[in-house]
Amino acid sequence: MQRADAPVPGPREVHAASATARSARPFLRPAVAIPVAAALVVAIALADYSTGFEARIAILYLAPVSLATWAAGRHWGFAFAIVSALVWGIRILSPQAHTQGTHLYWDGAVLGVTLALFAEILSRLASALEHSDQRFVRVLEGIDAAVYVIDDEGAILYANRRLAALADDASPLTADAIAANFRAHDDRAHPPWRPGAWVDGTELAGRRGNRRYVVQARDIPWVDRPRAYLVVLTDVTDQRIAQELQIDHQEAMHRASRIMALTETTSAVAHELNQPLVAIVGYNAACLRLLEQGGDASEIRAAMERCRAQAVRAGDILKQLRELTRRRTPEFAPCDLNERVRNALAWTGHDLERAHVAVELDLAPGLPPVQADRVLIEQVVVNLVQNAIDAMRELPVADRHLRLQTSVDADGTQRVAVSDRGPGIPAGADERLYTSFFTTKADGLGLGLSICRSIVEMHGGRIGHESGRHGGASFHFTVPAGDR
Ligand code: ADP
């Protein structure tokens, strides 16, 4: 097998399939085959002579003619056909021969023509075979993947030039030498190539250039041995880079959307914090006044307790804000969905007020806790409420109505529904609603619903939507009952 970086071989050099079988057998090389064919002609002629030309063995001349044609081509085949016919014709001159006469000339001519025809057919067959080999090799040389075939001992039976470009030029091309050019893509050691060691789907990194390859390995029948192993190494570097970029991009967008949500909620928090702070200032002033006037201790104590309660409330608001902004892994804990819905309403209360949206709460009483991350569940409700607010901005104030409902399905799955009376889902958008970056809003990011879906599915639930009872859209999500 020639080194794979050689030019695409010509018809006589084809190094695949049957051509490999021929070149692999030394007696099929012209330098050996021609003398062997000549020796056969002599041996047949001697046998013919020693039997007094009585044994009908002319057919044996097919052997040297075939050998010469197959190993060295049509011209040598014709030459051996003529020589064989002439050698057979020696009997015409021999007094030993019993049969004489003109029909011997005919017999000789028929034998010569038959042998020549045979050489012609055989040479056409060989040429057709070589052309099909050549097509096969050209296809393998043309594809982007590195392809090679090895036998049980790891000897290379075929390798395309793409593979040669990957392998280290200094060492001879063997299965082990090829394997030495790769490492496991995640930096774990991998065994050198032995049949079966690189299973289908193994991902490797090249030692040079750090490109990534996926292995496909198959047992295949080979021309001159019971089996061989075909290994295809497909370069997947560009796909991997694209996948990694996409993941980075999605993470960045998720973070960006959280920051945006944070910006939105900051104004709500400022609004929420303002109330306890104003109250604290008021109670504090009242305490000071009572102290100056030598007021009753119980009155001062009551004012200070109210002051403390407001300070605790302000602290709680800040604590929730911190939880929302912290980059955190989900924390599954027993969680009351009704409480999460109320909390999400508190977060969006400022926006609801500003948009003059009336809220109807229809919460199922006595919901058992579900295992969920409460901050993430709140985020889902906040996103759905924000979308509902956006959907109703153009409606007359009297029609801006939002309904939040919790319920339990027959199998214990809990369900939260957020229904508005807006224009409903845009026509034809159903399929794409939950995919990233789908938005119909001028300033939308198209991430809200895709984040909701990720969060809900992370909890083992489902998110969906339908038309609301009073028009508009109704989005719902489920959280399965029981332990996770
Ligand atoms: P965006 O930030 O663009 O609103 P979302 O993923 O939250 O991103 O929403 C994607 C699209 O789904 C919206 O642009 C809108 O077309 C549609 N949509 C979401 N919620 C509603 C709703 N309550 N009513 C009508 N359309 C909605």
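Whatever order the structure lists ligands and atoms in, that order sets their numbers, starting from 1.
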### Message
For E203, is there an ion pair with R240 - N to carboxylate O distance below 4.0 angstrom?
### Response
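Yes, charged N to carboxylate O under 4.0 Å.
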If you have a sec, work out which protein heavy atom is nearest [atom] and how many Å separate them, to one decimal?
| atom | value |
| --- | --- |
| atom 8 (O) of ligand 1 | G446 CA, 3.2 Å |
| atom 6 (O) of ligand 1 | L449 N, 2.8 Å |
| atom 19 (C) of ligand 1 | N387 ND2, 3.5 Å |
| atom 4 (O) of ligand 1 | K441 NZ, 2.3 Å |
| atom 25 (C) of ligand 1 | G424 O, 3.3 Å |
| atom 12 (O) of ligand 1 | L433 CD2, 3.2 Å |
| atom 11 (C) of ligand 1 | F438 O, 3.9 Å |
| atom 24 (N) of ligand 1 | A391 CB, 3.6 Å |

No-hydrogen, no-angle side-chain donor-acceptor test under 3.5 Å, [X] and [Y]:
| X | Y | answer |
| --- | --- | --- |
| Y434 | R432 | no |
| D151 | Y229 | no |
| H465 | D430 | yes |
| E141 | N160 | no |

### Query
Taking the six-membered ring for Trp, is the centroid-to-centroid distance between F182 and Y213 below 6.0 Å?
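Yes; Y213 has its ring centre under 6.0 Å from that of F182.
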### Query
Do H459 and F332 have ring centroids that are under 6.0 Å from one another?
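They qualify: ring centres under 6.0 Å apart.
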Nitrogen or oxygen atoms of [X] and ligand 1 under 3.5 Å apart:
| X | answer |
| --- | --- |
| T439 | yes |
| D390 | no |
| I425 | no |

### Message
Show the atoms of ligand 1 that are less than 4.0 angstrom away from any heavy atom in G448.
### Response
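In order of numbering, the contacting atoms are 5 (P), 6 (O), 7 (O), 8 (O).
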### Mode of Y434 contact toward ligand 1 - side chain, backbone, both, neither (heavy atoms, under 4.0 Å)
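Contact part for Y434 vs ligand 1: neither.
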### Task
May I ask you to identify, for P426, whether its side chain, its backbone, both or neither come under 4.0 Å of ligand 1 on a heavy-atom basis?
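Looking at P426 and ligand 1, just side chain atoms fall under 4.0 Å.
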### CD/E360: more than 12 non-hydrogen atoms of other groups inside 6.0 Å
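Counting other residues, nucleotides and ligands, CD of E360 exceeds 12 neighbours.
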### Message
Are L337 and V479 packed together at the side-chain level, in the sense that at least one heavy-atom pair is separated by less than 4.5 angstrom?
### Response
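Yes; the side chains approach each other to less than 4.5 Å.
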### Message
Is any side-chain heavy atom of L404 closer than 4.5 Å to one of D362?
### Response
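No, side chains not in contact.
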### Task
Pick, from I389, T440, T435, D420, the option with the minimum heavy-atom distance to atom 23 (N) of ligand 1.
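When every heavy atom of I389, T440, T435, D420 is considered, D420 comes closest to atom 23 (N) of ligand 1.
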